[in-house]
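Beneath this line is the structure, given in structure tokens, with notes to follow.
All values below were derived from every heavy atom in this structure, side-chain atoms included, with hydrogens, water molecules and symmetry-related copies excluded. Along the sequence shown, residues are numbered consecutively beginning with 1.
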Amino acid sequence: MDKATRILHDMKYARIIVLIAEKQHIPLEEAMDMLYSSPLFEIIDDGTADLICRSDIYLADEIIRMHCKSDPKQSEP
């Protein structure tokens, strides 16, 4: 991945982290953990199925959904 593409991906991840934090009412650090520990992150980052082209809101919602599904103690506020 070239430098420009890496920067664009990192900017997208930053926007997704902010959305997760806002939607879940959690600190940015927790939202970052949710993104980077999500199985979806690896698929997004390696270019599988061009998920990077999906909207930030869609990806944030999917990461939240997957996180809540994998941790039944968590629920969406």
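- The CE atom of M34 sits 11.0 Å away from atom NZ of K23, with the distance rounded to the nearest 0.5 Å.
- Once rounded to the nearest 0.5 Å, the distance linking CE of M1 with NE2 of H9 reads 4.5 Å.
- Residues I43 and Y13 are members of one and the same hydrophobic cluster, defined by side-chain heavy-atom contacts under 4.5 angstrom among Ile, Leu, Val, Met, Phe, Trp and Tyr.
- Between F41 and L35, the closest heavy-atom pair is CB-O, 3.2 Å.
- Interatomic distance, CD1 of I16 versus CG of L40, reported as 8.5 Å (0.5 Å rounding).
- Listed by chain and number, the residues in a side chain to side chain donor-acceptor pair (under 3.5 Å) with T5 are D2 (sequence neighbours excluded).
- Identified under the salt bridge (Lys or Arg N to Asp or Glu O under 4.0 Å) test for residues 37-48, with sequence neighbours left out: R6-D45.
- I20 and A60 make their closest contact through CG1-CB, 3.9 Å (heavy atoms, listed as atom of the first residue, atom of the second, distance).
- Residues that satisfy the side-chain contact (heavy atoms from CB on, under 4.5 Å) test with P39, not counting sequence neighbours, are M66.
- With sequence neighbours left out, E62 forms a salt bridge (Lys or Arg N to Asp or Glu O under 4.0 Å) with R65.
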Identify all side-chain donor-acceptor contacts of residues 50-58 below 3.5 Å with residues at least two apart in sequence or on another chain.
| residue | atom | partner | partner atom | Å |
| --- | --- | --- | --- | --- |
| S55 | OG | Y58 | N | 3.0 |
| D56 | OD1 | K12 | NZ | 2.6 |
| D56 | OD2 | R15 | NE | 2.6 |

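- In this structure L28 satisfies the side-chain contact (heavy atoms from CB on, under 4.5 Å) test together with I17, V18, A21, sequence neighbours excluded.
- A chain of hydrophobic side-chain contacts below 4.5 Å, direct or via other Ile, Leu, Val, Met, Phe, Trp or Tyr residues, connects I44 to I64.
- Its side chain within the 4.5 Å cluster rule, I7 clusters with M11 among the Ile, Leu, Val, Met, Phe, Trp and Tyr residues.
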